[in-house]
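Worth knowing before you read on, the calculation uses all heavy atoms, side chains too, and leaves out hydrogens, waters and symmetry mates. In the text below, chain A, chain B and the rest are named by the order of the sequence lines, each starting its count at 1.
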There are 2 protein chains.
Amino acid sequence: MKNRLKVLRAERDWTQAQLADALNVSRQTINAIEKGKFDPSLPLAFKAARLFKMPIEEIFQEDTEEQ
Amino acid sequence: MKNRLKVLRAERDWTQAQLADALNVSRQTINAIEKGKFDPSLPLAFKAARLFKMPIEEIFQEDTEEQ
DNA sequence: ACTTTATGTAAAATACACTTGACATTCATT
DNA sequence: AATGAATGTCAAGTGTATTTTACATAAAGT
């Protein structure tokens with residue numbers, strides 16, 4: 001799973017901590033998701049979509065090799 | 001989190017077992033998700049979106065009381 | 001050089017997504 | 001009424017998302 005969180009943050013000049021706050025998760029969670037350590041839960045993906053006012057698919061994308 | 005899996009299945013005349021097969025999860029997982037026992041993972045939501053050829057948001061919806 | 005702020009990372013604990021196996025219930029068909 | 005297929009559910013186990021705490025590194029400003 002790829003994601004555009006880092007870019008979306010940069011466009012808004014937000015830190016990982018600020019995004020974490022806005023999504024009610026820890027900074028480490030944002031960092032881990034950005035670094036591809038794990039995928040967010042579906043509820044968290046929905047929160048991000050609401051925050052950025054865009055579809056989940058514009059924030060998170062399956063990488064092609066995933067079945 | 002609400003979802004339209006049961007309806008989407010019905011439109012296609014699929015059983016829970018058939019949907020589970022198509023998504024590579026157990027029948028119990030489909031049943032639990034349909035009954036609202038838990039939310040699917042984001043990768044599973046993506047698989048469902050691919051299968052039904054529609055955005056994640058047309059299959060799964062946040063219920064309004066969630067923060 | 002020093003300080004501050006942002007980011008990367010690790011370990012241990014908790015919560016939850018998902019599996020397998022099993023059984024009970026419902027419903028349609030015979 | 002009996003059978004079979006679909007659905008509901010439970011318990012125990014595994015894997016992973018997320019938290020907290022803590023420390024290390026990087027970058028930027030003073």
Worksheet item: Touch check for B:Thr29, heavy atoms < 4.0 angstrom, all strands: base, sugar-phosphate only, or nothing?
Response: base
Fill in: A:Leu8 and A:Leu51, any side-chain heavy atoms less than 4.5 Å apart
no
Discussion item. Does A:Ser26 reach a base, just sugar-phosphate, or nothing at all? Heavy atoms under 4.0 Å.
Written reply: base
Worksheet item: For the helix from C:dA1-D:dT30 to C:dT30-D:dA1, what angle lies between the axis at the first five pairs and the axis at the last five pairs, to 10 degrees?
Response: 40°
Worksheet item: Applying ring pair (Phe, Tyr, Trp, His ring centres under 6.0 Å), which residue pairs with at least one partner in residues 3-31 of chain A are found, sequence neighbours left out?
Response: A:Trp14-A:Phe52
Worksheet, complete the sentence: Students should find that the nucleotides of DNA chain D closing off the region near chain A, any atom under 4.0 angstrom from a heavy atom, are D:dA17 to D:dA22
Discussion item. Which residues pass the side-chain contact (heavy atoms from CB on, under 4.5 Å) test with A:Gln28, not counting sequence neighbours?
Written reply: A:Ser26
Worksheet item: If every non-hydrogen atom of B:Leu42 is compared with every non-hydrogen atom of A:Pro40, which pair is closest and at what distance?
Response: CB-O, 3.4 Å
Discussion item. Give me each pair satisfying salt bridge (charged side-chain N to carboxylate O under 4.0 Å, His left out) with a member in residues 51-60 of chain B, each pair once, sequence neighbours excluded.
Written reply: none
Discussion item. Judged by each residue's nearest nucleotide on DNA chain C, which is more toward the 5′ side, B:Phe38 or B:Gln28?
Written reply: B:Phe38
Item to complete: Not counting sequence neighbours, list each pair that qualifies as a ring pair (Phe, Tyr, Trp, His ring centres under 6.0 Å) and has a residue in residues 20-39 of chain B.
Response: none
Response to the item:
Residues pairing under salt bridge (charged side-chain N to carboxylate O under 4.0 Å, His left out) where one sits in residues 11-33 of chain A, two or more places apart or in two chains, turn out to be none
Worksheet item: Mind checking what makes side chain to side chain donor-acceptor pair (under 3.5 Å) contact with A:Asn3, not counting sequence neighbours?
Response: none
Discussion item. Quick check for you: name the first and last nucleotides of DNA chain C, 5' to 3', having an atom under 4.0 Å from a heavy atom of chain A.
Written reply: C:dA6 to C:dA10
Practice prompt. Could you tell me which residues satisfy ring pair (Phe, Tyr, Trp, His ring centres under 6.0 Å) with A:Phe46, sequence neighbours excluded, listed by chain and number?
Written response: none
Worksheet item: Does B:Val25 or A:Lys6 map to a spot on DNA chain C nearer the 5' end, using the closest nucleotide for each?
Response: A:Lys6
Item to complete: Could you tell me which residues satisfy salt bridge (charged side-chain N to carboxylate O under 4.0 Å, His left out) with A:Arg9, sequence neighbours excluded, listed by chain and number?
Response: A:Glu34
